[in-house]
Amino acid sequence: MAAPKKGRRSSGSQGYPGRALAVILIALVALTGTMFLSHNTTPRLGIDLAGGVSITLTAKSDQAGAINKTNMNTAVSIINQRVNGLGVSEAEVQTQGDKNIIVNIPKGTDAKQAQEQVGTTAQLFFRQVLAEQANPPAVKTPPATPSPSVTPTGKATGTPSPTPKGGTPPKATPTSSATTQGRAVTDGLKAVPGKAPTPTPTPSPSAPPAGTLDSTIPADLQAKFTALDCNDPKQRLAANQGVKPENKVVGCGERGEKKDKIWYKYALGPAVLDGKDVSKASAKFDTQSGNGWVVDLSFTGGGAKKFTKVTTQLATQQPPLNQFAIDLDGNVVSAPSVSQALPGGSATIFGSFTQTSAQNLSNVLSYGSLPLTFDISDVTTVSAALGGEQLRGGLIAGAVGLALVVLYMLAYYRGLGLVAIVSLLVSAALTYTLMALLGPAIGFALNLPAVCGAIVAIGITADSFIVFFERIRDELREGRSLQPAVARGWPRARRTILVSDFVSFLAAAVLFAVTVGKVQGFAFTLGLTTLLDVVVVFLFTKPLMTILARRKFFANGHKWSGLDPKGLGVQAPIRRVRRRTSTETKEA
């Protein structure tokens with residue numbers, strides 16, 4: 001007897017199909033549970049299906065740049081990155097005429113936050129703080145009580161101590177005699193962990209700063225500082241209009257948390273760095289030092305040298321002259337103090353950041369400055385009435401297409417058609433749960449082209465089942481039983497399915513890369529469902545067929561199984577019969 005060949009399975013061996021089924025069912029249960037626990041039970045709809053907000057931006061003719069086609073296209077690209085970073089949130093950004101940009105934001109997006117980001121020119125400057133003072137809302141007092149006068153000086157008197165987190169804010173109005181000495185600065189700049197700062201000797205307070213920093217406050221700047229009321233939005237907007245980087249300016253910044261927020265006004269020196277010196281900005285939650293949300297900054301080669309020089313000079317100053325104001329479009333988003341030189345071209349801004357504020361700052365800085373200055377000329381809410389009709393039509397089209405596929409599979413493949421239908425239901429469940437979870441995760445919005453992509457995917461998925469079933473039938477026509485037919489037909493079907501799905505996924509990837517707007521939604525959905533087709537066929541349909549091949553209904557070729565030998569034209573194998581040789585008695 002010949003010994004069996006090692007390392008080769010018999011044709012009837014099918015591995016462990018139960019394990020593959022368990023994997024995909026566990027994944028489906030996990031996704032469904034996550035969907036319900038996060039309360040995201042429905043996909044987020046695009047603006048053409050659920051309505052949204054339409055913002056019109058109008059370019060202004062000023063020193064920011066010339067209004068031409070190149071600058072407008074650059075602005076569209078930057079705004080699109082800000083509101084639609086992954087390209088699947090279905091936010092539309094397009095030009096209209098020579099000066100207008102239309103931004104359509106679907107329902108479910110924070111329209112107020114997007115409105116703040118789309119028109120922000122993001123002119124970032126790093127300036128030395130010359131003076132700062134709390135600017136609380138005006139408190140009505142009795143006529144007999146005189147109001148204290150506020151006279152800011154170069155030593156920045158008039159700043160009260162901030163309220164500790166969780167504490168009770170004082171009821172008394174901060175007085176002008178409060179001094180910054182001993183005040184706990186809530187914001188700070190520190191070196192990135194792992195890069196030790198260079199120790200800097202601290203001179204006497206009377207020692208003048210070395211280098212280019214100018215800590216004097218001219219009379220006209222002090223007058224502006226005294227008259228500035230940061231509680232007035234118009235004054236905040238006009239405070240920095242028409243100023244140049246080399247000018248000394250006044251500005252406003254809001255500090256505190258939620259209801260305890262209070263405006264501060266600042267006198268700031270000339271810009272010593274600008275946004276072009278920043279190569280990268282990212283927000284993260286700092287768990288090591290307990291600073292909460294921080295923003296990591298990385299500077300360019302030239303910016304790193306300037307940053308090291310300036311922080312070395314600031315570290316020798318007394319508060320508030322050692323503070324580094326981050327001036328974004330005239331708004332002081334942070335005024336961290338510098339206690340030591342920060343070499344290495346990297347730094348971390350920490351302070352009273354929330355997740356939203358930290359991410360907004362890093363997002364705007366990462367995508368760069370707009371080449372033009374824009375005014376928001378119109379904000380319109382788009383009705384969802386038309387979108388409801390379009391969604392209804394898309395769902396009807398999808399249901400009709402699915403019904404036709406189901407009828408064809410049942411009529412042609414009978415019992416095998418039920419396997420295909422169950423596989424389609426598993427694929428549909430995975431697609432739905434992923435779409436519902438991708439809405440809050442990456443901002444995915446289901447628009448009308450995305451619905452079309454899902455309908456097209458029904459045909460792609462059904463095609464994979466057909467390829468597998470036909471390979472099994474071919475093996476049966478060659479005279480094999482069902483279990484070996486499934487085992488031998490799968491490798492041949494697998495190659496065909498992978499090649500077909502790869503072509504579809506490649507087309508979707510190219511379409512996603514070279515298009516914008518709604519077409520990207522179609523490409524994303526098509527690519528996602530193509531990947532799910534591979535997962536379902538490998539982890540569900542094939543293992544299910546392996547198990548069903550052991551059942552008599554399919555193994556014996558029942559006429560309703562779709563594997564009936566007569567229906568397939570299988571001929572019974574010809575049996576070889578040994579011929580009997582007759583011995584005739586020869587006559588002598």
Side-chain angles (χ1 to χ4, degrees), residues 62 112 115-116 119-121 123-125 127-163 169-180 183 185-187 215-244 247-271 319-321 323-335 351-352 357 373 375-376:
D62 56 11
K112 182 179 180 181
Q115 183 176 335
E116 292 174 352
T120 302
T121 54
Q123 297 295 329
L124 175 74
F125 298 108
R127 301 175 182 268
Q128 183 188 21
V129 176
L130 305 181
E132 67 170 353
Q133 181 182 345
N135 190 181
V139 179
K140 293 183 179 181
T141 56
T145 304
S147 301
S149 62
V150 178
T151 306
T153 65
K155 294 184 180 180
T157 59
T159 304
S161 300
T163 303
K171 296 180 180 180
T173 305
T175 63
S176 60
S177 61
T179 177
T180 59
R183 183 181 59 84
V185 180
T186 57
D187 296 342
S215 301
T216 61
I217 302 181
D220 58 341
L221 184 67
Q222 183 165 327
K224 289 181 180 180
F225 182 82
T226 304
L228 178 62
D229 181 10
C230 290
N231 293 296
D232 186 354
K234 294 182 179 180
Q235 291 193 40
R236 293 199 304 267
L237 184 63
N240 246 343
Q241 294 294 324
V243 298
K244 298 180 180 180
N247 296 147
K248 294 182 178 180
V249 299
V250 294
C252 299
E254 197 173 22
R255 285 159 53 178
E257 297 181 1
K258 297 181 180 179
K259 295 182 179 180
D260 296 332
K261 283 186 175 181
I262 188 173
W263 284 102
Y264 276 71
K265 56 182 178 179
Y266 298 86
L268 305 175
L321 299 178
Q323 289 179 235
F324 210 153
I326 301 175
D327 179 17
L328 182 67
D329 289 338
N331 179 38
V332 179
V333 295
S334 181
S352 54
S357 62
T373 303
D375 284 332
I376 298 178

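For this chain, numbers begin at 1 and follow the sequence in order. Because the structure is a prediction, the values reported are computed rather than measured.
Within the 4.5 Å cutoff, no side-chain heavy atoms of R127 are placed close to those of Y266. Put simply, the side chain of L321 does not reach to within 4.5 Å of the side chain of V129, judged on heavy atoms.
Side-chain atoms of K265 come within 3.5 Å of backbone N or O of F225 as a donor-acceptor pair. In terms of modelled atom types and a separation under 3.5 Å, the side chain of Q235 and the main chain of D229 share a donor-acceptor contact. Without hydrogens or angle criteria, N247 side chain to V249 main chain gives no donor-acceptor distance under 3.5 Å.
In this structure, L268 CG and Q323 CD are separated by 10.0 Å, a value rounded to the nearest 0.5 Å. Rounding to the nearest 0.5 Å places CG of L228 at 9.5 Å from CZ of R236.
Here the closest non-hydrogen pair linking A271 and F125 is CB-CD2, 3.6 Å. Nearest heavy-atom pair across V332 and A335 is CG1-CB, 4.2 Å. When all heavy atoms are compared, the tightest approach of L130 to T216 is CD1-O, 3.6 Å. Summarising the geometry of K248 relative to G269, their closest heavy-atom pair is CG-CA, 4.1 Å, with the distance given to 0.1 Å. A pairwise comparison of heavy atoms in P320 and A131 identifies CG-CA, 4.4 Å as the closest pair. Residue E132 comes nearest to Y264 through the heavy atom pair OE1-CD2, 4.5 Å, listed as atom of the first residue, atom of the second, then distance.
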